[in-house]
Amino acid sequence: MAGIDYSERIPNNVSLADNRRLQRALEEWHPKFLDWWMQMGPEGFQAKDVYLRTAVSVDAQGWAQFDYVRMPEYRWGLFLAEPESGRTIGFGDHMGAPAWQDVPGEYRGVLRRLIVTQGDTEPASVEQQRHLGRTCPSLYDLRNLFQINVEEGRHLWAMVYLLDAYFGRDGREESEALLQRRSGDRDKPRILGAFNEKTPDWLSYLMFTYFTDRDGKYQLASLAESGFDPLSRTCRFMLTEEAHHLFVGETGIGRVVQRTCELMREGKTDDVRRLGGIDLETLQKYINFHYSVSLDLFGSEVSTNAANFYTMGLKGRFEESKKKDDHRLKDATYTVSELVGDRITTREAPALPSLNERLRDDYIADCQRGVDRWNQIIKKHGIDFELRLPNRGFRRAIGLFAEVKVSPDGLVLSEAAWDSNKHAWLPTEADQAYVQSLMRPVTERGRFASWIAPPARGVNSQPVDFEYVRLA
Ligand SMILES: [Fe+2]
Ligand SMILES: [Fe+2]
């Protein structure tokens with residue numbers, strides 16, 4: 001790879017030019033990343049010009065530069081948020097000590113695992129979404145898909161930077177392994193369940209960006225509190241990009257809701273499938289599915305790992321620094337769910353092992369805000385229907401609720417009752433086939449598929465009918 005100027009090729013604020021060891025590690029990894037990208041990245045569009053934003057620095061002018069780029073030539077950069085001078089560890093046993101600028105030896109293994117687990121989700125979602133381009137509902141949506149894909153690629157770079165720069169040889173091995181696992185592969189799957197699910201259609205994709213990327217936001221936000229300063233700074237910058245992914249999900253589903261309501265009003269019918277729309281009942285089923293899969297990502301209600309991460313100062317709570325308590329939580333309690341017979345109730349539990357549940361609570365409240373906005377759209381159309389988040393026990397595979405069947409309303413059910421009702425709560429094969437039947441590419445400028453309304457505005461002040469991807 002001689003002759004490549006890596007500090008030009010890889011925009012960065014980590015002094016890459018002065019770090020020979022890191023340069024060498026990345027020089028070795030970069031072609032493997034590109035191989036992976038060509039093999040597992042967006043299928044069919046690698047040679048097209050896409051109107052993308054690239055981060056070339058972390059300040060206001062540099063973090064979002066827009067231009068046409070071919071994806072394999074995208075400049076995946078390495079960025080940390082600006083250092084906070086005199087930053088100290090904000091929680092746990094080391095609270096008040098200077099933040100670590102190097103890996104604390106005693107926590108090396110745990111920290112590496114945390115970084116690898118986060119890092120693994122980034123390429124996984126690119127793999128899950130790789131076939132979607134072929135059935136895009138518009139050029140605008142196609143461009144947003146690719147923006148998310150290249151940024152998930154950059155998030156992988158961000159985690160690989162930490163592994164290569166701070167963890168020596170085993171870090172480099174982990175960096176390679178991140179390119180070897182494959183979403184949904186039986187032999188070498190991605191680490192977390194939701195990242196092995198299929199994203200077979202655009203409705204699933206919008207749900208994924210709303211619910212599953214939002215898990216990412218909460219994980220990144222709690223890692224941004226970390227006492228390991230490079231991890232904290234990396235995650236803080238990643239959160240600025242994550243906000244766009246969540247925007248795509250929230251406005252995307254909002255636009256589907258909008259379109260459905262318009263069709264219901266114009267056609268004076270609830271049967272919008274006849275008109276090429278996605279009925280609200282089907283939307284509810286997709287919400288039920290993606291929400292429950294994403295809740296599992298937070299782990300068990302009671303977790304010694306979560307307690308340890310916190311006590312060690314590696315992973316904080318959401319908005320840890322804004323909380324007004326002792327930030328050690330040794331004597332504190334927290335309300336967690338409990339199953340008593342076939343009733344779901346709550347109990348007070350020690351706060352430290354309940355940190356997963358607390359993060360899940362923050363996430364649930366955040367999810368609800370978007371659902372409220374979608375319901376506003378429905379209400380504005382004078383339609384009597386409300387989308388809802390199902391009970392947290394619904395269709396869970398991890399933790400307390402994994403052993404029981406729970407209805408969306410929070411009733412514990414017998415297997416038989418579950419079986420006879422689940423078709424009303426989760427997408428059936430027929431629902432999926434219907435959604436699939438709508439997935440026909442719309443690539444004419446300014447046009448949108450029958451099942452989704454145009455966005456309120458375009459990207460970066462461009463018009464909605466801008467040529468976001470040059471297909472010719
Ligand atoms: Fe990400
Ligand atoms: Fe994301």
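We use all heavy atoms of the structure for the numbers below, so side chains are in, but hydrogens, waters and symmetry mates are not. Remember, it's 1-based here, ligands and their atoms both numbered in the order they're listed. Predicted, not measured: the structure shown is a model, and the values here were computed from it.
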- Message: Nearest 0.5 angstrom please: F211 CZ to L297 CG, how far?
- Response: 13.0 Å
- Message: Angle between ring planes, F448 versus Y140, binned at 30° and 60°: parallel, tilted or perpendicular?
- Response: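 F448 and Y140: tilted rings.
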Sequence-distant partners of [X], side-chain contact (heavy atoms from CB on, under 4.5 Å), two or more places apart:
| X | result |
| --- | --- |
| L246 | D213, R214, K217 |
| Y434 | R273, S437, L438 |
| D201 | L203, S204, Y286, V435, Q436, M439 |

- Would R360 and E357 pass as an ion pair if we require N to O under 4.0 Å?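 Yes, R360 and E357 are salt-bridged.
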- Query: Going by chain and residue number, what protein N/O/S atoms come nearer than 2.8 Å to the Fe ion (ligand 1)?
  - Reply: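 Listed by chain and number, the nearby protein N, O or S atoms are E122 OE1, E152 OE1, H155 ND1.
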